[in-house]
Amino acid sequence: MIRHSIRWLALLGLCSFLFAQPPERSSPFDEAQEFGVYVQALEITVEPEDVDRFENAVGTIAREAATSDIGEDHEWILYRAGLHRYWAILFSEKLQDFDTMESLRQAFAGTASEVRFQTAVDELLETRFLVESQVITQMVNPWSTVEGMSTATHPKARVVKYAVKPNRHDEFDAAIRDYVRLLKEIEYPYPIEGFRWQFGRPGENWLVTFPDNWSDFHGVNDLDTIARQHDAHERLQVIRSRIDNAVRATTQHDLDFVASLSYSSE
C-alpha cells in the first residue's frame, strides 16, 4: 500500500479528534488476525462555483509540500468522485498517531513554503464545501490480494461498501476470504484491498479494486469474463450469494486519482 498519513483532518478544519488512546470498539472480528494500516476517508462535496478555488488551494499545498519535502509522514492522496465531489484518503500506522493542524504547520515552519502554505490554507478554509462522510477503517490482509499498490500504475479505484447485517459478521468475513482466494486463483489482474470498519459507519466494510484504466476494467479484464475463462464463474456466483446474504445494503463508488491534488514524498 502507498504510505500516507492523516494531516488533512485539521488541514480542512473538519475534525477536532486527537486520539491519545485507541477508543473502545465493539469488534466482530478475531483480534488475532493480521491487520494493516488505519485508513481514513473523507467524502467532500464542493459548491460548483468554488471548485476552481478548492483545487487551486489544495494544489498549492501539495506543490509546496513537495517543494519543501516535508516528508512521508505528511502525505495524502485525493480522488475525484464525479462533478465537484472528492475523496481525501489518509493513512496512519496507529490510531494514536493521528495528526493535528499544528503538526502540519510545524512541518512547514522555517521552510521557503511556509507563507504560501498558510495563504493556501486560509483560502481553502474560505471555500464552501461539505464533508458528507468521515470514516476510519483498518486494512484486513486476508481480505486483500496484495500488500501494496501504487497510484502511478493503478490510478483508478472502485470502492464497494458492504453494510453487514447484525450478527452476520462471521459469515461476511468467511465469504470475503473465499472471494479473495478465488481472485488469486484465477489471477485477477487488479489489486484488491479490504477494510473493516472502525469509526463512522458501524458494520460497514469495504473492498477496493484498483484498475489501471476503466476501459479494460469493464472490458478484457471484466471479472465475470475472467472467471468463465477459468471455469470458476459458478463458484464466483455462489460466493457472491453468500456475501449478499450477509449484508443489508451495498453501494459502489468509482474514483479517479488526481496527482496534482495529492502529496507523496517519493
Does the distance from a Lys or Arg side-chain N to an Asp or Glu carboxylate O, for [X] and [Y], drop under 4.0 Å?
X      : Y      : value
Arg240 : Asp244 : no
Glu123 : Arg53  : yes
Lys156 : Asp256 : yes
Glu55  : Arg80  : yes
Arg242 : Asp178 : yes

Pair Thr45-Arg85, side-chain donor/acceptor within less than 3.5 Å: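 Result is yes, a qualifying pair exists.
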Between Arg63 and Thr60, a side-chain donor and acceptor under 3.5 Å: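 A donor-acceptor contact under 3.5 Å links the two side chains.
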So, taking the atom named CD1 in Ile176 and the one named CD1 in Ile239, what distance separates them when rounded to the nearest 0.5 Å?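 Answer for the CD1-CD1 pair, Ile176 versus Ile239, is 9.0 Å.
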Hey, could you give me the CG/CD1 distance between Asn56 and Ile61, rounded to the nearest 0.5 Å?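 Rounded to the nearest 0.5 Å, the CG-CD1 separation comes to 11.0 Å.
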Residues that Ser113 engages under side-chain hydrogen bond (donor to acceptor under 3.5 Å, both in side chains), provided they are two or more places apart: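 Listed in chain order: Glu64, Ser68.
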Contacts of Asp69 that satisfy side-chain hydrogen bond (donor to acceptor under 3.5 Å, both in side chains) - sequence neighbours left out: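 By the side-chain hydrogen bond (donor to acceptor under 3.5 Å, both in side chains) rule, Asp69 matches no residue at all.
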Decide whether Leu78 and Leu125 are clustered together by the hydrophobic rule: side chain heavy atoms of Ile, Leu, Val, Met, Phe, Trp, Tyr closer than 4.5 Å, transitively.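 Yes, it is one cluster - the side chains of Leu78 and Leu125 are joined through contacts under 4.5 Å.
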State plainly whether one hydrophobic cluster holds both Trp214 and Tyr188, where clusters connect Ile, Leu, Val, Met, Phe, Trp and Tyr through side-chain heavy atoms under 4.5 angstrom apart.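 Same cluster: Trp214 reaches Tyr188 through Ile, Leu, Val, Met, Phe, Trp or Tyr contacts under 4.5 Å.
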Would one find more than 12 heavy atoms of other residues, nucleotides or ligands at under 6.0 Å from atom CG of Leu83?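 No, CG of Leu83 has 12 or fewer neighbouring heavy atoms, counting only those of other groups under 6.0 Å.
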Partner set under ring-ring contact (aromatic ring centres under 6.0 Å, His included) for Trp87, not counting sequence neighbours: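 Checked Trp87 against ring-ring contact (aromatic ring centres under 6.0 Å, His included); matches are Trp206, His253.
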Please check if the distance between the ring centroids of [X] and [Y] is under 6.0 Å.
X      : Y      : answer
Tyr86  : Phe54  : yes
Phe172 : Trp143 : yes
Phe210 : Tyr190 : no

